Amino acid sequence: MRPLNEEETRVMFEKIAKYIWENLQLLVDRPDGTYCFRMHNDQGYYLSEKILKLAANISGDKLVSLGTCFGKFTKTHKFRLHITALDYLAPYAKYKVWIKPGAEQSFLYGNHVLKSGLGRIAENTSRYQGVVVYSMADIPLGFGMAAKSIQDCRKVDPMAIVVFHQADVGEYVRHEETLT
């Protein structure tokens with residue numbers, strides 16, 4: 001477990017900022033203590049500094065996981081968010097999309113959100129903007145990228161893709177062997 005270097009921090013924060021914008025500072029300086037990001041086996045972890053101090057007694061080769069895995073760095077040094085970050089991103093998300101109950105199952109199977117399944121969309125959502133996808137009951141289901149701006153969503157046909165799928169809570173079941 002090591003601190004992220006400047007390049008890793010920049011890449012990771014740029015990816016997270018696509019979803020929560022200026023609320024990124026709220027992830028680090030929380031009322032219940034200070035939190036930090038650490039790297040272990042090409043994966044970015046989010047943990048409290050209290051846990052980090054306790055884990056200092058464990059050698060790196062024996063450490064499997066610590067805190068919450070936010071995602072992993074690819075071989076090309078890009079950062080890919082995991083669904084495990086959803087619980088931390090959802091409360092601070094600036095752009096949100098709500099999908100109809102009939103479209104929830106399709107999204108949870110890894111499919112994009114179509115216009116026919118769109119319930120509501122946050123105002124001022126632009127194209128290729130990171131969005132958190134909610135059910136109509138305000139339960140966070142995953143996240144993705146807006147394929148269309150809010151103005152374009154109003155005039156496209158019902159079978160057009162409005163949100164590109166990136167991650168959903170169905171991944172816990174579909175990929176439980178590989179999630180750490």
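The figures here come from the full heavy-atom set of this structure, side chains too, leaving out hydrogens, waters and symmetry mates. Everything numeric here is computed off the predicted structure, so don't read it as measured data.
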Minimum side-chain heavy-atom gap [X]-[Y] below 4.5 Å:
X      : Y      : result
Val156 : Lys148 : yes
Gln105 : Leu108 : no
Lys100 : Leu118 : no
Phe70  : Ile16  : yes
Pro3   : Met39  : no
Val163 : His112 : no
Tyr88  : Leu27  : yes
Asp168 : Leu141 : no

Closest contact, heavy atoms only, [X] versus [Y]:
X      : Y      : answer
Val132 : Ala93  : CG2-CB, 3.4 Å
Ile99  : Glu104 : CD1-CA, 3.8 Å
His82  : Phe143 : O-CZ, 3.5 Å
Asp157 : Lys115 : O-CB, 3.6 Å
Ala122 : Ile150 : O-CD1, 3.6 Å
Gly142 : Ile83  : CA-CD1, 4.0 Å

Say whether Tyr45 and Thr68, considering side chains only, have a donor N or O and an acceptor N or O under 3.5 Å apart.
-> no
More than 12 heavy atoms of other groups within 6.0 Å of Glu22 CD |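 More than 12 within 6.0 Å, yes.
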Nearest 0.5 Å, what's the [atom1]-[atom2] distance between [X] and [Y]?
X      : Y      : atom1 : atom2 : value
Leu24  : Leu89  : CG    : CG    : 9.5 Å
Phe164 : Asn111 : CZ    : CG    : 13.5 Å
Leu26  : Tyr92  : CG    : OH    : 5.5 Å
Phe107 : Leu114 : CZ    : CG    : 12.0 Å
Leu54  : Glu49  : CG    : CD    : 12.0 Å
Leu47  : Cys69  : CG    : SG    : 11.5 Å

Looking at Tyr35, does the NZ or CZ of Arg30 lie under 6.0 angstrom from its six-membered ring centre and within 45 degrees of the ring axis?
-> yes
Salt-bridge test for Lys94 and Glu123: reply yes if a basic N is under 4.0 Å from a carboxylate O, no otherwise.
->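 Looking at Lys94 and Glu123, the cut-off is not met.
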Going by an N to O cut-off under 4.0 Å, is there a salt bridge joining Lys18 and Glu14?
-> no
Taking the six-membered ring for Trp and the full ring for Phe, Tyr or His, determine whether the centres of Tyr19 and Tyr95 are under 6.0 Å apart.
->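 They do not qualify: ring centres at least 6.0 Å apart.
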